[in-house]
Number of protein chains: 2
Amino acid sequence: MKTDCTHCIYISDAAAKLAGCDLQLLSDNHIVVGFKKGDSIIKQGTYSTNVIFLRKGLVKIHITGPYSEQIVKLAKPPTYLGLPTTVGDKINQYSITALEDTEVCFIDMGTFKDLLKSNDEFAFEIIRSLCRYEIDSFRRCANRIQKQTRGNLAEVLLDMSKNIFSSDRFTIPLSQAEIGNLIDTSRESVSRMLSEFEKDGIIRMQGKHLEIINKRSLELISQNG
Amino acid sequence: MKTDCTHCIYISDAAAKLAGCDLQLLSDNHIVVGFKKGDSIIKQGTYSTNVIFLRKGLVKIHITGPYSEQIVKLAKPPTYLGLPTTVGDKINQYSITALEDTEVCFIDMGTFKDLLKSNDEFAFEIIRSLCRYEIDSFRRCANRIQKQTRGNLAEVLLDMSKNIFSSDRFTIPLSQAEIGNLIDTSRESVSRMLSEFEKDGIIRMQGKHLEIINKRSLELISQNG
DNA sequence: TATACATTGTGATTTAAATCACAAAATGCC
DNA sequence: GGCATTTTGTGATTTAAATCACAATGTATA
């Protein structure tokens with residue numbers, strides 16, 4: 001499906017810098033594709049010639065580590081995905097999988113490069129976002145490694161609440177096993193810790209639906225391990 | 001000290017794309033500064049208005065995590081440092097410290113931005129390198145977390161040998177405590193593991209000087225934990 | 001050269017979290 | 001609705017690695 005970028009409500013910060021004609025170029029060289037929950041959007045090791053713009057939904061970025069699959073981060077719209085692949089060696093260096101029903105734009109790489117070249121504001125926004133990603137990734141890694149597991153779980157819950165769902169009540173988009181490989185712990189530990197949080201009156205759970213009752217406690221746990 | 005970029009032997013891949021006049025602009029708007037081993041080049045939390053180009057030496061990039069200082073990665077020339085800071089919010093998000101006597105160019109941020117805007121090849125090279133950093137950082141984080149400590153230590157030694165010193169004999173530029181916070185383990189564990197590697201005839205050590213005797217073993221340890 | 005400070009080596013003990021093992025729910029599907 | 005598969009809960013046991021404690025080096029520098 002083709003859509004008109006000039007009136008798209010899902011537009012990126014970078015694309016917002018594009019002038020009408022460049023935006024038209026973008027319009028003419030992309031297709032919108034829908035993915036269902038669980039669908040693989042890009043797969044590590046495969047060849048790719050598109051930049052992907054996440055316009056709607058929620059995805060996980062994961063890589064196959066030396067032993068197991070590891071979720072690197074969750075990404076929500078609006079954001080470009082798979083930039084490193086496209087600009088680098090064209091082989092996907094990580095996988096991206098939909099956690100909810102998701103819509104993305106596949107943008108032709110040649111077009112994307114042309115835009116970078118012809119529009120310096122666009123390029124600068126892309127550079128800005130890549131820089132942000134790098135810092136985020138340093139920070140995330142340091143946190144994961146230094147904090148104890150409880151702290152990491154608390155942080156993930158807060159992060160979902162604040163940055164992804166903007167609400168104290170939401171449905172966790174991951175299984176406990178997935179949470180485990182996001183915060184580098186075992187499935188069993190996640191289960192135990194969630195029970196503990198619930199017992200302590202910090203959260204309330206019904207299946208995957210979670211409500212944060214005592215945000216302050218959760219923040220303290222997140223900070224102090 | 002000012003130097004002439006048009007004949008600089010330390011030039012970056014990105015700057016190599018610059019035409020004469022742009023290179024002259026770069027020449028006119030940077031200064032070269034030397035740092036001694038141990039000197040702080042940029043300090044997390046401080047204000048910065050320069051992009052830094054590492055032209056000679058060796059540095060560590062480290063951030064203050066929730067509990068302790070963590071070395072994120074080592075960087076060797078030629079590379080830009082502190083790009084995220086400059087392009088982002090101007091507050092340094094990490095510290096950079098010289099591990100050897102080091103020379104860097106402080107490049108005026110305005111000039112750098114002008115170059116990005118006026119020269120798309122330059123901008124594209126910068127984007128390319130940022131993308132590489134992101135993937136490296138995903139990979140590093142997954143390795144650190146999944147591998148056991150022995151595997152991480154082996155990997156760091158191999159990395160130094162291969163990518164930094166290009167030799168099987170080199171002087172480790174870090175204390176054991178620093179190695180510990182590069183691979184997220186305690187100083188004591190590093191000491192014990194190095195002794196073990198030496199006992200097993202995999203490496204030979206005299207103070208900080210290290211020689212890799214059995215590279216194959218080290219690779220196996222790196223892969224299998 | 002003597003003195004202080006930082007780095008390293010190694011044993012003993014503790015600890016957080018993984019793993020193993022199995023039951024109970026929940027979910028999807030024919 | 002009933003059957004299979006995935007997900008979750010919880011106890012018992014094991015384990016890698018941290019921490020503690022202290023001695024022995026090394027290395028700056030006054």
Side-chain angles (χ1 to χ4, degrees), chain A residues 36-39 60 65-71 97 99-101 143-154 156-157 171-200 203-210 221 224-225, chain B residues 36-39 65-71 97 99 101 143-154 156-157 171-200 203-210 221 224-225:
Chain A
K36 289 221 169 302
K37 180 179 171 175
D39 284 354
K60 64 174 177 180
Y67 295 104
S68 58
E69 197 71 9
Q70 168 146 12
I71 299 179
T97 303
L99 293 175
E100 295 174 355
D101 291 359
N143 276 337
R144 273 194 208 177
I145 286 170
Q146 287 183 23
K147 281 188 187 174
Q148 291 186 231
T149 334
R150 288 164 52 77
N152 280 315
L153 179 59
V156 163
L157 297 181
T171 301
I172 300 178
L174 301 168
S175 72
Q176 292 184 1
E178 283 177 310
I179 297 175
N181 79 42
L182 177 61
I183 62 174
D184 313 299
T185 190
S186 67
R187 189 220 101 214
E188 293 93 324
S189 295
V190 172
S191 173
R192 272 185 258 267
M193 286 185 294
L194 285 174
S195 305
E196 199 187 310
F197 286 172
E198 188 157 28
K199 197 188 65 197
D200 295 349
I203 61 171
R204 189 176 303 141
M205 292 197 70
Q206 291 197 74
K208 288 272 178 66
H209 187 80
L210 181 138
I221 293 170
N224 305 322
Chain B
K36 289 217 170 305
K37 181 180 167 170
D39 285 353
Y67 295 104
S68 58
E69 197 71 9
Q70 168 147 10
I71 299 179
T97 303
L99 294 174
D101 292 0
N143 276 335
R144 273 193 206 177
I145 286 170
Q146 288 184 22
K147 282 189 188 177
Q148 290 188 231
T149 334
R150 291 163 50 77
N152 281 315
L153 180 58
V156 163
L157 297 181
T171 301
I172 299 179
L174 302 168
S175 72
Q176 292 184 358
E178 283 177 310
I179 297 175
N181 78 43
L182 177 61
I183 62 173
D184 315 296
T185 190
S186 66
R187 188 221 102 214
E188 294 93 324
S189 295
V190 173
S191 173
R192 272 184 259 265
M193 285 186 293
L194 285 174
S195 305
E196 199 186 311
F197 286 173
E198 188 156 29
K199 198 188 68 200
D200 295 346
I203 60 171
R204 191 176 301 143
M205 293 197 70
Q206 291 198 73
K208 287 273 179 68
H209 186 80
L210 180 139
I221 293 169
N224 305 321

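Values reported hereafter were calculated over all heavy atoms of this structure, with side chains retained and with hydrogens, waters and symmetry mates removed. Naming convention: chains lettered A, B, ... in sequence-line order (proteins, then strands); numbering from 1 in each chain.
Looking at heavy-atom distances under 4.0 Å, A:Ser186 makes contact with a base.
Rounded to whole Å, atom C1' of D:dT7 lies 15 Å from atom CG of A:Asn181. For B:Lys37 and D:dA28, the NZ to P distance is 8 Å, given to the nearest whole Å. Whole-Å rounding puts the A:Gln206 CD to C:dT27 P distance at 11 Å. The separation between A:Met193 atom CE and D:dG9 atom C1' is 14 Å, rounded to whole Å. Here the P atom of nucleotide C:dA6 and the CD atom of B:Glu178 are 14 Å apart, to the nearest Å. Here the P atom of nucleotide D:dA16 and the CZ atom of B:Arg150 are 11 Å apart, to the nearest Å. When the P atom of D:dG11 is taken as reference, atom CD of A:Glu196 falls 13 Å away, rounded to whole Å. One interatomic measurement links the two molecules: CG of B:Leu210 to P of C:dT8, which rounds to 13 Å at whole-angstrom precision.
Within the model, atoms CG of A:Asn181 and CZ of A:Arg187 stand 13.0 Å from one another, a figure rounded to the nearest 0.5 Å. Atom CG of A:Asp184 sits about 8.0 Å away from atom CD1 of A:Ile145, to the nearest 0.5 Å. Here the CD1 atom belonging to A:Ile71 is positioned 7.0 Å from the CG atom belonging to A:Leu99, to the nearest 0.5 angstrom.
The side chain of A:Arg192 sits closest to C:dT19 out of C:dT8, D:dA17, C:dT19. When the nucleotides D:dA18, C:dA17, D:dT10 are ranked by their closest atom to the side chain of A:Ser191, D:dT10 comes out on top. Listed nucleotides D:dA17, D:dT8, D:dT19 differ in distance to A:Gln176; the shortest reach to its side chain belongs to D:dT8. Nearest to the side-chain atoms of A:Ser175 among the listed nucleotides D:dA17, C:dG9, D:dT7 stands D:dT7. Set against D:dA18, D:dC20, C:dT8, the side chain of B:Arg187 has C:dT8 as its closest nucleotide.
Looking at A:Ile172 and A:Met205, their side chains come closer than 4.5 Å, going by heavy atoms from C-beta outward. Taking the side chain as every heavy atom from C-beta outward, A:Leu153 and A:Thr149 never approach each other to under 4.5 Å.
Note on A:Thr185: a side-chain N or O is less than 4.0 Å away from OP1 or OP2 of C:dA18. Listed pair B:Ser195 / C:dT10 meets the phosphate criterion, a side-chain N or O lying under 4.0 Å from OP1 or OP2.
Nearest-nucleotide assignment on DNA chain C puts the 5′-proximal partner with B:Leu194, out of B:Leu194 and A:Asp184.
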